[in-house]
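See below for the structure under consideration.
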Amino acid sequence: MDRPMFDIGYVRKELDRIGQKLPRRTEVLLIGGANMMHRGLKNATKDIDVVTLSRADIGLLVQTLKGMGYDEIKELPGEYLTIGASTIMRNKDIFQCDIFYLQVCN
């Protein structure tokens with residue numbers, strides 16, 4: 001499936017929504033295209049990639065995203081097995097959140 005690209009307005013709005021819905025302060029590292037957009041180095045991205053620093057934060061983030069209408073993607077293309085994402089979540093707009101624990105690309 002060819003996924004659409006999202007501009008910085010959409011990404012910031014989604015990050016704000018996630019931050020408001022999380023029940024407690026949660027530290028993640030924003031990497032990839034969304035980080036590059038924040039720095040003015042990229043105009044659009046298909047997803048946000050975050051690295052969590054604890055396994056508990058993965059569960060909290062997944063539950064929060066599910067409450068926002070995101071679905072967990074179970075069947076992933078082969079390249080996702082290579083990058084080592086702990087969980088992939090996608091909303092109705094086909095915007096995706098790739099969640100990693102401590103490291104990316106194994």
Side-chain angles (χ1 to χ4, degrees):
M1 167 183 33
D2 193 28
R3 294 186 358 247
M5 300 289 282
F6 297 88
D7 67 13
I8 193 153
Y10 184 97
V11 172
R12 283 186 176 157
K13 184 180 116 197
E14 210 55 16
L15 287 171
D16 285 344
R17 282 183 60 221
I18 294 166
Q20 290 172 6
K21 297 287 184 181
L22 283 166
R24 66 169 168 78
R25 182 176 169 86
T26 306
E27 188 173 358
V28 299
L29 305 174
L30 182 66
I31 62 170
N35 180 290
M36 292 176 69
M37 288 173 64
H38 178 71
R39 296 171 183 272
L41 300 172
K42 192 173 180 181
N43 293 326
T45 188
K46 294 179 180 182
D47 59 19
I48 55 175
D49 302 297
V50 296
V51 179
T52 63
L53 305 177
S54 77
R55 290 196 186 278
D57 286 345
I58 293 172
L60 184 65
L61 194 51
V62 167
Q63 287 308 110
T64 299
L65 290 169
K66 283 183 179 180
M68 295 172 59
Y70 280 72
D71 294 313
E72 188 170 353
I73 306 303
K74 297 289 188 180
E75 294 183 27
L76 299 168
E79 64 265 19
Y80 281 92
L81 301 176
T82 304
I83 64 172
S86 297
T87 307
I88 309 292
M89 305 292 292
R90 191 178 293 156
N91 72 11
K92 63 177 176 39
D93 295 331
I94 315 175
F95 184 70
Q96 194 163 293
C97 181
D98 300 349
I99 305 168
F100 299 87
Y101 173 61
L102 294 181
Q103 68 179 14
V104 182
C105 295
N106 297 318

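All figures in this text were calculated on a predicted structure; none of them were measured in a lab. Just so it is clear, the values below take in all heavy atoms, side chains as well, and ignore hydrogens, waters and symmetry mates.
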* Verify side chain to side chain contact (heavy atoms under 4.5 Å, CB included) between T87 and L61, making sure each step is shown before the conclusion. => CA-CA 10 Å; T87 307; L61 194 51; over 6 Å; no

By side-chain hydrogen bond (donor to acceptor under 3.5 Å, both in side chains), R17 pairs with (sequence neighbours left out) E14

Rounded to the nearest 0.5 Å, the NZ atom of K21 sits from the CG atom of L60 at a distance of 13.5 Å

Shortest non-hydrogen pair, N43 vs M37, comes out as O-CE, 3.7 Å

_Cluster check I94, M5: I/L/V/M/F/W/Y, side chain < 4.5 angstrom_ = no

For this session: Flag yes if more than 12 heavy atoms outside D7 fall under 6.0 Å of its CG atom; otherwise flag no.
Result: yes

With sequence neighbours left out, the residues meeting side chain to side chain contact (heavy atoms under 4.5 Å, CB included) with K66 are V62, Q63, E72, M89

Of all heavy-atom pairs linking V51 and L102, the shortest is CG1-N, 3.5 Å

### Query
Any side-chain heavy atom of I18 within less than 4.5 Å of one from M68?
yes

Sorted by chain and number, sequence neighbours left out, side-chain hydrogen bond (donor to acceptor under 3.5 Å, both in side chains) with D93 holds for Y10

Practice problem: Determine, step by step, whether I88 and Q96 satisfy the side chain to side chain contact (heavy atoms under 4.5 Å, CB included) criterion, reporting the C-alpha distance in whole Å, the side-chain angles of both residues, the deciding distance to 0.1 Å, and the verdict. | Solution: CA-CA 7 Å; I88 309 292; Q96 194 163 293; 3.3 Å; yes

Extract all donor-acceptor atom pairs below 3.5 Å that involve side chains of residues 26-33 and protein atoms in other chains or at least two apart in sequence.
{"residue": "T26", "atom": "OG1", "partner": "R24", "partner atom": "O", "Å": "3.0"}

Residues at least two apart in sequence or cross-chain that pass side-chain hydrogen bond (donor to acceptor under 3.5 Å, both in side chains) with N35, listed by chain then number, are R39

Treat each ILVMFWY residue as a node, draw an edge where side-chain heavy atoms are under 4.5 Å apart, and state whether F100 and M36 are in one component. no

Sorted by chain and residue number, the side chain to side chain contact (heavy atoms under 4.5 Å, CB included) partners of R55 (sequence neighbours excluded) come out as Y101

Between T64 and P23, the two heavy atoms sitting closest are OG1-CD, 3.7 Å

So ring-ring contact (aromatic ring centres under 6.0 Å, His included) across residues 35-55, not counting sequence neighbours, yields none

Those residues at least two apart in sequence (or on a different chain) that pass ring pair (Phe, Tyr, Trp, His ring centres under 6.0 Å) with Y70 are none

Residues passing the salt bridge (Lys or Arg N to Asp or Glu O under 4.0 Å) test with K92, sequence neighbours excluded, are none

